[in-house]
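Here the structure is laid out as structure tokens; the discussion comes afterwards.
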Amino acid sequence: MKVPFVDMKKMHDPIRAEIDAAIASVIDRNAYIKQKELKLFEEELAASLGARRAAGVSSCTAGTQLILEALGIGRGDEVITVVNTAIPTSESITAAGADVVFVDIRKGTFNIDPDGIRKAVTPKTKAIIPVHLYGFPAPMDEIMAIAKEHNLYVIEDVAQAQGGTYRGQRLGTIGTIGSFSFFPSKNLGCFGDGGAVAGMDADLVDQVAMLSDHGRKDKYSHQVEGYNHRLDNLQAAVLRIKLRHLDEWNARRRAAAALYDEALAGIAQVVTPKAPPDGDSVYHLYVVRVPDRDRLADFLKEREIATGLHYPMPLHFQPAYARLGLGPGTFPEAEAATREVLSLPMFPDITPEQVHHVCESIREYYH
Ligand SMILES: Cc1ncc(COP(=O)(O)O)c(C=O)c1O
């Protein structure tokens, strides 16, 4: 039995006619940039999050950079984030002109360690970017308490956790503002690159929207120099349809995760992911920790089971961050995780048979 890592076709097939009609409508009206669908999607996204305002942008990477710039963060400022994330999180900090300050993950979790944040705060620190990695909410209560104490902004990286909650609040609406990704394979993905920023501070979101559209307030009036980092109307038209299914897709991801938890429970070598109790995790990824990770991945590949690595190297080991001079042992928890993590197939339409086949193959490997 072949098990892909994700199967987007299976997700799109049932809503394909609706999507085709929405795309056709955009083409028929030549409505490509800043049109009705974008405005409606922004309103619907904000409503789904319980946010005051949402604005489409070209990607989460761009969104985070623009947020930092809108907050006046740049040269000479420090921004704290976690070392176990995709490079866009930290790239956005550098792109805004500020300095990246990495922190380890908390033992037993995959998310940022609030104790590490406390130690990393300096007089130059302006913001914290927690990442809700794999769809697991970061410990926001502790992070918000630190931010309050030191007067810092909190920018939630929701790229992997669209639709998740923390103590009943949607992720992205707890901190100062949230940055979202609609990369095709994300929980809410479009048909190319896309992203959004959203939150309770409507003025800040408006500021980001302005920066994303050449600093425009209206067609011929530019308040500042900005960027071309808009979300295309065609993508917004697709996202409007997909957003209506997001909660159901996330529920199916959680059901698949529960099946994995149960089926892997008896295998001593496998540590299953522990979703924090204070939120709804949306399992963008289902990541186990195992010894002998690379050989297990090869074994599964031979059985036509696809797996992924998120991530094989902590960011401080990347050549891109050699300038920081952070050697082995700097962030021991994240360094250990990168050696042991293996992402198993996870998507809303994965079948119980596929999950059991993956788990039985892992059992076979270790026995
Ligand atoms: C945690 C995290 N942050 C940010 C991003 C960047 O998202 P985008 O591709 O929309 O810029 C990603 C995408 O891989 C991600 O996983």
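Atoms within each ligand, like the ligands themselves, are counted from 1 in listed order. Note that the structure is a prediction, hence the values are computed from the model and not measured. Note: hydrogens, waters and symmetry copies are ignored here, and every other heavy atom, side chains too, is used.
Remark: ligand 1 atoms within the under-4.0 Å shell around heavy atoms of Gly194 are 10 (O). Interface of Tyr311 with ligand 1, defined as ligand atoms under 4.0 Å from a residue heavy atom, comprises 16 (O). Residue Pro88 approaches ligand 1 through these ligand atoms, each under 4.0 Å from one of its heavy atoms: 4 (C), 5 (C), 6 (C). For ligand 1, the atoms closer than 4.0 angstrom to any heavy atom of Thr89 are 3 (N). Heavy-atom contacts of Val131 reach the following atoms of ligand 1: 1 (C) (cutoff under 4.0 Å). Under a 4.0 Å criterion applied to the non-hydrogen atoms of Cys60, ligand 1 contributes the atoms 4 (C), 6 (C), 7 (O), 8 (P), 10 (O), 11 (O). Close approach of ligand 1 to Thr85 is summarised as follows: ligand atoms under 4.0 Å from at least one heavy atom of the residue are 1 (C).
Using a cut-off of 4.0 Å between Lys/Arg side-chain N and Asp/Glu carboxylate O, Arg167 and Asp278 are scored as salt-bridged.
Nearest to atom 14 (O) of ligand 1 among the protein's heavy atoms is Lys186 NZ, 2.9 Å. Shortest contact from atom 2 (C) of ligand 1 to any protein heavy atom: Ala159 CB, 3.4 Å. Closest protein heavy atom to atom 3 (N) of ligand 1: Asp157 OD2, 2.7 Å. Counting protein heavy atoms only, atom 11 (O) of ligand 1 is closest to Thr61 OG1, 2.4 Å. Of all protein heavy atoms, the one lying nearest to atom 10 (O) of ligand 1 is Ser181 OG, 2.7 Å.
For the pair Arg303 and Phe299, the distance from NZ or CZ to the six-membered ring centre is under 6.0 Å and the angle to the ring normal is within 45 degrees.
Note on ring orientation: taking the six-membered ring where Trp is involved, the planes of Tyr286 and Tyr260 are parallel (angle under 30°, cut-offs 30° and 60°).
Side-chain contact between Phe183 and Cys190 is absent, with no heavy atoms from C-beta onward closer than 4.5 Å. Residues Asp99 and Asp77 fail the side-chain proximity criterion, which asks for heavy atoms closer than 4.5 Å. With contacts defined as side-chain heavy-atom distances shorter than 4.5 Å, the pair Ser90/Val100 qualifies. Leu234 is listed as a side-chain neighbour of Ile23, based on a closest heavy-atom distance under 4.5 Å.
Between Asn250 atom CG and His284 atom NE2 the span is 11.0 Å, to the nearest 0.5 Å. To the nearest 0.5 Å, the span separating OG1 on Thr176 from CG on Leu204 amounts to 7.5 Å.
Looking at His310, Gln160, Glu91, His284 and measuring to atom 16 (O) of ligand 1, the nearest heavy atom belongs to Gln160.
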